[in-house]
Amino acid sequence: MTNLEKKHSIIIAGGGSTYTAGIVMMLLENQERFPLRALKLYDNDGERQAIIGKAIAIELQEKAPEIKFEYTTDPVEAFTDVDFCFAHIRSGGYEMREQDEKIPLAHHVVGQETCGPGGIAYGMRSIGDIIELIDFMEKYSPNCWMLNYSNPASIVAEACRRLRPNSKILNICDMPVGTQRRMSQIIGLDPKDLEVRYFGMNHFGWWTSVKDKAGHEYLPEIRDYVAKNGYLTQVEVDTQHMDASWQATHKKAQDLLAVDPNYLPNTYLKYYLYPDYVVEHSDPNYTRANEVEDGREKRVFAAARKIIEAGTSKVGEFPIDSHASFIVDLACAIAYNTHERMLLIVENNGAIANIDDDIMVEVPCIVGNDGPEPITQGKIPLFQRGMILEQAMVEKLVVSAWIDHDYQQLWQALTLSKTLPSAQVAKEVLDDLIEANKEYWPELKQSPLHVNLISETPVESLA
Ligand SMILES: NC(=O)c1ccc[n+]([C@@H]2O[C@H](COP(=O)([O-])OP(=O)(O)OC[C@H]3O[C@@H](n4cnc5c(N)ncnc54)[C@H](O)[C@@H]3O)[C@@H](O)[C@H]2O)c1
Ligand SMILES: O=P(O)(O)OC[C@H]1O[C@H](O[C@H]2[C@H](O)[C@@H](O)[C@@H](O)O[C@@H]2CO)[C@H](O)[C@@H](O)[C@@H]1O
Ligand SMILES: [Mn+2]
């Protein structure tokens with residue numbers, strides 16, 4: 001059987017995810033180019049996963065009975081005889097995302113899923129879980145590739161570099177894919193027509209060129225549009241991001257551009273460049289986690305229950321997440337050596353010439369069956385170099401704090417972040433996050449050289 005005739009076996013880790021159904025429907029749409037022989041779901045919350053699993057079982061029975069389907073909480077069953085693992089777990093679930101967002105906001109600091117103290121807390125929960133998935137995969141299907149988009153992708157990627165440097169794992173993000181879809185709307189092209197140059201880290205980057213296949217440069221035209229409208233587009237391009245909070249984020253790109261009009265910004269830069277604005281426009285009692293629980297999560301699980309109750313997919317409730325087809329692009333590139341060009345999170349190794357080789361950067365790569373080949377982006381300007389070096393050291397300190405179980409390094413990571421105003425506030429946020437994450441984080445040790453903050457020692461006792 002040639003490679004092109006091979007049918008694949010996929011495991012989706014995080015089967016109870018709000019994205020699983022859309023991705024499975026998208027996989028059914030892509031059977032021509034990426035045929036499946038088996039599909040499994042794996043989750044550590046069997047009850048949550050069963051709702052999605054039962055509905056998908058009905059969908060596949062009616063639409064693709066030839067695909068062997070199962071859902072399980074048993075890692076041996078899940079990871080045996082698989083070619084690809086699509087991983088989208090959420091360590092701690094939405095309950096902890098809410099804490100990641102509300103605890104910092106209670107200290108008038110940015111509360112966000114993947115950025116600032118929220119992203120650091122999420123990273124401290126995710127590292128162990130992702131490494132566990134990699135170890136399951138390597139034990140039961142040694143030739144399997146993990147296409148991971150569990151967040152926080154940047155901290156997870158740095159942890160994989162430190163702890164599993166030789167593993168077959170690619171960390172990916174769909175934010176640039178979504179923003180490039182908006183760019184293609186602005187210039188009237190198809191997203192597939194675009195060839196970009198981009199540099200940064202995950203959720204922390206800039207486009208330096210947006211060309212069509214004929215080599216025409218559209219960045220100036222897009223830049224002029226974004227200077228007036230941000231990335232808001234007239235046509236609805238993204239069902240996920242029509243919520244008011246995400247619309248405001250796309251609009252804010254206007255102010256990100258103002259800081260450096262030469263390059264088109266990733267929307268996530270707003271949390272680092274305008275943290276005060278973000279805090280002023282956040283509701284500390286109702287954050288994005290609550291919006292998703294009231295929105296996407298309710299919609300997806302209601303659709304699944306409707307299919308289960310009807311006993312048929314003819315009630316037609318699961319939308320196809322065609323946006324996620326970039327994951328199939330990546331899987332095809334690995335399986336069929338297609339040399340697809342796409343943004344991936346990879347070890348720098350000179351791709352960005354004037355930052356450290358061991359920083360995990362997000363750059364365009366050519367992907368074949370040996371994995372990604374980064375495309376060099378050259379030297380970057382002082383401003384972006386300073387931003388990236390600082391954020392990279394924050395994330396390296398987080399991973400070291402997880403590995404060493406070390407309080408001091410985690411406090412330093414928060415103190416170094418652009419999203420926090422001082423070491424004092426960083427400590428107050430950290431101590432609250434430690435309390436909230438007791439069942440998830442490793443227990444952190446104080447340095448033997450620990451020095452109390454003056455504010456912890458009443459002044460009168462300072463003899
Ligand atoms: N990289 C990207 O650009 C991108 C885009 C969208 C979503 N995401 C990420 O995808 C993930 C899923 O998002 P969601 O909103 O659907 O979350 P969700 O909470 O709806 O689903 C996550 C699932 O993972 C399961 N899970 C948690 N820990 C696990 C573990 N250790 N082993 C197995 N399963 C585990 C949960 O039980 C849950 O069913 C999140 O990490 C999210 O941030 C990333
Ligand atoms: O606030 P959420 O949970 O709705 O989204 C958080 C994720 O946002 C980005 O992914 C978006 C993507 O950029 C957009 O085009 C659309 O398809 O929806 C995706 C999921 O909402 C970001 O890249 C992820 O890392 C975030 O988790
Ligand atoms: Mn992302």
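Start at 1 and go down the list; that is how both ligands and their atoms are numbered.
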Identify, by atom number and element, the atoms of ligand 2 in contact range of G178, meaning under 4.0 Å from any of its heavy atoms. 15 (O)
Per-pair distances, 0.1 Å, donor-acceptor, side chain in residues 83-91, under 3.5 Å, sequence neighbours excluded:
residue: D83; atom: OD1; partner: K6; partner atom: NZ; Å: 3.4
residue: D83; atom: OD2; partner: S9; partner atom: N; Å: 2.7
residue: H88; atom: ND1; partner: Y149; partner atom: OH; Å: 3.0
residue: H88; atom: NE2; partner: G14; partner atom: O; Å: 3.3
residue: H88; atom: NE2; partner: T20; partner atom: OG1; Å: 3.0
residue: R90; atom: NH1; partner: E113; partner atom: OE2; Å: 2.8
residue: R90; atom: NH2; partner: Y94; partner atom: OH; Å: 3.4
residue: R90; atom: NH2; partner: E113; partner atom: OE2; Å: 3.0
residue: S91; atom: OG; partner: D129; partner atom: OD2; Å: 2.7

Distance check, rounded to the nearest 0.5 Å: R296 atom CZ versus F301 atom CZ? 10.5 Å
Please determine whether ring pair (Phe, Tyr, Trp, His ring centres under 6.0 Å) holds for the pair H250 and Y225, giving the CA-CA distance in whole Å, both sets of side-chain angles, and the decisive distance to 0.1 Å. CA-CA 12 Å; H250 291 299; Y225 180 95; over 10 Å; no
Any atoms of ligand 2 less than 4.0 Å from a non-hydrogen atom of C173? List them with their elements. 23 (O)
Atoms of ligand 2, numbered as shown, that sit under 4.0 Å from any heavy atom of E113: 6 (C), 26 (C), 27 (O)
Between F69 and Y71, what is the ring plane arrangement, given parallel below 30°, perpendicular above 60°, and tilted in between? tilted
Taking only residues at least two apart or on different chains, which pairs with a member in residues 40-51 satisfy salt bridge (Lys or Arg N to Asp or Glu O under 4.0 Å)? R48-E297
Just jot down the ligand 2 atoms closer than 4.0 angstrom to any heavy atom of R181, in number order. 15 (O)
How about F199 and W206: are their ring centroids closer than 6.0 Å? yes
Check D174 against ligand 2 and report side chain, backbone, both or neither, counting heavy atoms closer than 4.0 Å. both
Would you please indicate yes or no on a ring centroid separation below 6.0 angstrom for F79 and Y140? no
If you count the atoms of ligand 2 from 1 in the order shown, which ones are under 4.0 Å from a heavy atom of R296? 2 (P), 3 (O), 4 (O), 21 (O)
More than 12 heavy atoms of other residues, nucleotides or ligands under 6.0 Å from CD of E95: yes or no? no
Between the protein and ligand 1, are there any N or O atom pairs that come within less than 3.5 Å of each other, and if so, what are their names and distances?
residue: ligand 1; atom: 1 (N); partner: Y149; partner atom: O; Å: 3.1
residue: ligand 1; atom: 1 (N); partner: I172; partner atom: O; Å: 3.0
residue: ligand 1; atom: 3 (O); partner: D174; partner atom: N; Å: 2.8
residue: ligand 1; atom: 3 (O); partner: D174; partner atom: OD1; Å: 2.9
residue: ligand 1; atom: 8 (N); partner: Y149; partner atom: O; Å: 3.4
residue: ligand 1; atom: 15 (O); partner: T18; partner atom: OG1; Å: 3.4
residue: ligand 1; atom: 15 (O); partner: R90; partner atom: NH2; Å: 3.0
residue: ligand 1; atom: 15 (O); partner: Y94; partner atom: OH; Å: 2.3
residue: ligand 1; atom: 15 (O); partner: R296; partner atom: NH2; Å: 3.3
residue: ligand 1; atom: 16 (O); partner: S17; partner atom: OG; Å: 2.6
residue: ligand 1; atom: 16 (O); partner: T18; partner atom: N; Å: 2.9
residue: ligand 1; atom: 16 (O); partner: T18; partner atom: OG1; Å: 2.8
residue: ligand 1; atom: 17 (O); partner: R90; partner atom: NE; Å: 3.1
residue: ligand 1; atom: 20 (O); partner: T18; partner atom: N; Å: 3.2
residue: ligand 1; atom: 20 (O); partner: R48; partner atom: NH2; Å: 2.8
residue: ligand 1; atom: 24 (O); partner: R90; partner atom: N; Å: 3.3
residue: ligand 1; atom: 31 (N); partner: N44; partner atom: ND2; Å: 3.4
residue: ligand 1; atom: 31 (N); partner: D129; partner atom: OD2; Å: 3.4
residue: ligand 1; atom: 34 (N); partner: N44; partner atom: N; Å: 3.4
residue: ligand 1; atom: 37 (O); partner: D43; partner atom: OD1; Å: 2.6
residue: ligand 1; atom: 39 (O); partner: D43; partner atom: OD2; Å: 2.6
residue: ligand 1; atom: 39 (O); partner: R48; partner atom: NE; Å: 3.2
residue: ligand 1; atom: 41 (O); partner: I89; partner atom: O; Å: 2.7
residue: ligand 1; atom: 41 (O); partner: Y122; partner atom: OH; Å: 2.6
residue: ligand 1; atom: 41 (O); partner: N151; partner atom: N; Å: 3.1
residue: ligand 1; atom: 43 (O); partner: E113; partner atom: OE2; Å: 2.8
residue: ligand 1; atom: 43 (O); partner: N151; partner atom: ND2; Å: 2.9

I need the full list of salt bridge (Lys or Arg N to Asp or Glu O under 4.0 Å) pairs touching residues 265-281, with sequence neighbours left out, sorted by first then second residue. none
Would N151 count as a contact of ligand 2 if the rule is a heavy atom under 4.0 Å away? yes
For R288, atoms of ligand 2 separated by under 4.0 Å from a heavy atom: 1 (O), 2 (P), 4 (O)
Can you tell me which portion of F326 lies within the under-4.0 Å heavy-atom range of ligand 2? Options are side chain, backbone, both, or neither. neither
So for atom NE2, which belongs to H107, do other residues, nucleotides or ligands contribute more than 12 heavy atoms lying within a distance under 6.0 Å? yes
Report the relative orientation of the aromatic rings in Y277 and Y274; use parallel for angles under 30°, tilted for 30 to 60°, perpendicular for over 60°. perpendicular
Looking only at heavy atoms, is any part of R97 under 4.0 Å from ligand 2, and if so is it the side chain, the backbone, or both, or is it neither? side chain
So, does Y149 sit close enough to ligand 2 that a heavy atom of it is under 4.0 Å from the ligand? no
Kindly compute the distance separating CZ (R161) from CG (N348), expressed to the nearest 0.5 Å. 11.0 Å
Counting heavy atoms only, which part of E291 comes closer than 4.0 Å to ligand 2: side chain, backbone, both or neither? neither
